[in-house]
Amino acid sequence: MTRVSSSARTGRLRLLAVLAGLIVLGPLSTPTLAQEVEDTPRVFIGGTPFDLMVVGSEGESILFRIETARGRVMAQGEIGPGGSEELAGLVIERRSELPIRAVFEQTQSEISASFVPGWFSLLPPLLAIALALVFREVVISLFAGVWLGALPLVGFNPITALWRVIDEFAVPALGDTSGQTQIVVFSLLLGGMVGIITRNGGTRGIVGTVVNWATTRRRGKLATWSAGLAIFFDDYANTLIVGNTMRPITDRLKISREKLAYLVDSTAAPVAAIVPISTWVGYEISLISDGLRIAAEQQTTSPALAGALLSASPLSVFIQTIPYRFYPLMALYLVFLTSWTNRDFGPMASAEARAASGKGLFRPGALLSTDASGEAMQPPPGVTERWWNAALPVMTVIAVVLGGLYATGSAVAGPGASLMSVFGEADPFTTLLWGSLAGCIVALLLSVGQRILSIQETIGALIEGMRAMVVAVIILVLAWSLGSVTEVLGTAQYLSQILSERLPLELIPALVFLTAAAISFATGTSWGAMAILLPLVIPLTVSLGGGTGFEAGAQYSILLGAISSVLAGAIFGDHCSPISDTTVLSSMASSCDHVDHVRTQLPYAMVVAAITVPLGDIGTAFGLPVWVALAGGALTLYLVLRWRGREITEVYGCGSQSSFSEELSQ
């Protein structure tokens with residue numbers, strides 16, 4: 001039996017009395033002082049700016065001062081009654097400056113958190129990337145990167161950091177705010193649809209039909225490239241539909257999984273980013289609009305330029321930048337070039353030679369992102385393989401997504417809006433869910449209606465198809481988690497800061513490209529790099545004189561080059577990054593080892609960038625006509641491929657039907 005002392009009993013009675021008083025008199029006893037600091041950083045990154053929110057009293061104005069432990073005043077001012085003030089751009093250089101003190105007229109408080117130097121913010125993504133490339137194990141590598149990034153958030157306690165990987169980063173990575181949950185569900189539903197059409201023989205049927213034309217590896221790769229160009233309206237839909245649809249065909253033609261993943265990845269974001277009717281347009285235009293507005297507000301020396309910036313159509317600026325997006329344009333060209341010539345270089349050449357010689361579509365020991373080779377995914381004996389059992393569900397997905405994009409976009413854009421504006425305002429994540437669910441329903445009805453499969457067998461195939469996506473979903477969640485870590489640590493801001501030293505005006509597009517590429521590579525998101533840089537780059541370029549000619553309606557200026565370089569550099573970094581969601585989805589859709597996909601695609605992306613930056617970004621800034629830069633880039637890529645490329649022996653007759661079923665089941 002536990003005894004309670006008299007003093008403890010008295011203390012409890014007093015506590016009850018206080019609580020009763022608060023309940024009864026609470027509305028009459030509101031305190032007048034509520035000075036506090038909100039939105040404090042969880043970790044201080046040396047040299048990287050951070051923000052604070054100072055909240056004042058309800059009844060009177062107060063003076064405040066924010067100072068370091070050494071007494072350096074970082075900000076000060078006065079807040080009106082009930083007001084607040086956001087303090088932006090505060091910087092801590094050294095650990096000795098902590099803790100920060102918030103000093104008010106009658107109170108003061110301390111703001112303390114862990115401190116790490118700026119370069120530490122680069123370590124989590126670099127560790128994950130290095131481990132993945134060296135050990136070819138992406139799950140553990142991504143987990144290690146997230147864990148390292150969580151260490152300063154918990155006072156460098158390694159055990160607590162381990163728990164934070166799951167509860168603070170992995171679980172919130174599936175939050176609805178940025179469409180990540182929708183992407184996972186869309187991927188699972190699309191995987192379930194693929195499971196059904198594989199089980200009902202539709203996949204074999206469409207392969208048998210297409211293979212009558214695609215009798216060579218060249219034709220198979222060109223067909224995949226064409227499919228990537230055709231599904232231009234969204235990069236996620238492009239990746240998952242093209243990869244899952246073409247994989248059985250490219251397997252039949254002995255095209256390596258690494259090559260398929262490259263074809264899929266390099267015709268997804270580049271197409272969606274440059275076609276004026278896509279889910280990327282609204283996002284890019286809104287960022288351009290913000291940058292132009294900020295630049296106009298800061299422009300005081302030239303009223304004509306300020307007026308031109310304010311009156312400029314962001315859509316018109318977007319269209320003018322398309323010819324100057326040298327990396328995505330040349331990346332699409334290189335996909336076509338390698339497919340047409342049957343030449344490859346680097347690790348991709350080895351992968352293609354392995355597949356063409358019959359030694360395996362993927363590396364022995366590869367960890368496939370998806371696996372649809374189990375017996376449960378094979379059609380029952382005696383099933384008639386009809387191509388429309390696969391084509392109709394896939395076409396349903398495309399039709400419903402397109403219709404959904406138009407419906408959701410027109411509801412926001414209003415009547416009379418252009419098709420470009422409608423697609424720019426559309427909700428891509430919701431429509432992807434609609435399309436994948438509709439595809440599953442059509443595949444189910446076709447399977448049961450023709451009595452190919454029973455209801456139980458169809459649902460079993462759906463579940464098997466979803467199960468095949470589990471590894472890829474785990475990789476995707478960890479990649480998003482690492483992106484959240486880099487956001488907390490300010491990786492993008494740190495990179496932007498160290499790479500934004502002033503250079504000659506003509507080098508701004510090249511510098512912006514490299515900065516965007518570095519941010520996108522380290523954070524795994526091209527959209528994040530665009531969001532950070534466009535509102536900064538546009539005003540900076542104008543202030544340095546890069547808007548010359550813009551007020552006269554010139555078709556090209558350094559300003560347009562800088563804008564296009566942000567958009568192009570973000571895609572380049574996204575292509576190279578193992579933690580990019582589109583890179584993961586490409587591996588998933590192609591059933592390719594994720595690290596193998598990164599290792600084989602990286603040399604191609606690097607070669608394109610090495611050619612387009614000097615010829616395109618720098619050349620046009622010094623006056624080279626854009627058509628000369630594009631033609632020179634295309635010719636240089638062809639010469640590099642002829643010089644360094646290795647011609648892979650074509651496998652003729654691989655479209656014959658003699659051992660078709662046997663090869664597909666292997």
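The model shown is predicted, which means the values in this text are computed figures rather than measured ones.
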Roughly how far, to the nearest 0.5 Å, is [atom2] of [Y] from [atom1] of [X]?
X	Y	atom1	atom2	result
Q601	Y262	CD	OH	7.0 Å
M606	C576	CE	SG	6.0 Å
N200	T458	CG	OG1	8.0 Å
E258	L361	CD	CG	9.0 Å
L444	I455	CG	CD1	5.0 Å
L329	I322	CG	CD1	8.5 Å

Closest approach of [X] and [Y], non-hydrogen atoms and distance?
X	Y	answer
A128	L142	CB-CA, 4.2 Å
L368	D593	CD2-N, 4.1 Å
L630	F326	CD2-CD2, 3.6 Å
S520	A570	OG-O, 2.7 Å
A269	I571	O-CD1, 4.1 Å
W388	L446	O-CD1, 4.0 Å

Got [X] and [Y] here, is their nearest side-chain heavy-atom distance under 4.5 Å?
X	Y	answer
L482	V146	yes
L263	S339	yes
H594	L367	no
T267	V242	no
N342	R217	yes
V184	L188	yes
P603	P347	yes
L337	Y638	yes

task = Quick one: do I398 and M395 satisfy side-chain contact (heavy atoms from CB on, under 4.5 Å)? Show the steps, please.
result = CA-CA 5 Å; I398 297 173; M395 292 169 63; 5.6 Å; no
Any salt bridge between [X] and [Y], counting N to O under 4.0 Å?
X	Y	result
R646	D344	no
R199	E464	no
R343	E352	no

ask   = Would you say the ring centroid of F521 lies under 6.0 angstrom from that of F572?
value = no
inquiry  = Assess the residue pair L402 and Y406 against the criterion (side-chain contact (heavy atoms from CB on, under 4.5 Å)); give the C-alpha distance rounded to whole Å, side-chain angles, the decisive distance to 0.1 Å, and a yes or no.
reply    = CA-CA 6 Å; L402 280 172; Y406 183 82; over 6 Å; no
message = Parallel, tilted or perpendicular, judged at 30° and 60°: which one describes the rings of Y333 and F336?
response = tilted
Where the side chain of [X] meets the backbone of [Y], is there a donor-acceptor pair that is under 3.5 Å apart?
X	Y	value
S580	S577	no
R325	A273	yes
S436	L433	yes
W225	L332	yes

query = Applying the side chain to side chain donor-acceptor pair (under 3.5 Å) test to R257, which of S591, S590, S587 qualifies?
reply = S591
Hydrogens and angles aside, do [X] and [Y] bring a side-chain donor and acceptor to less than 3.5 Å of each other?
X	Y	value
R354	S350	no
D265	T239	no
Y327	H575	yes

task = Might you work through the side-chain hydrogen bond (donor to acceptor under 3.5 Å, both in side chains) test for T338 and K259, ending with a clear yes or no?
result = CA-CA 10 Å; T338 57; K259 185 68 173 184; 3.1 Å; yes
message = The test is side-chain contact (heavy atoms from CB on, under 4.5 Å); show your working for I140 and L131 and say whether it passes.
response = CA-CA 8 Å; I140 296 299; L131 290 178; 6.0 Å; no
message = Please determine whether side-chain contact (heavy atoms from CB on, under 4.5 Å) holds for the pair H597 and T583, giving the CA-CA distance in whole Å, both sets of side-chain angles, and the decisive distance to 0.1 Å.
response = CA-CA 8 Å; H597 168 44; T583 308; 3.6 Å; yes
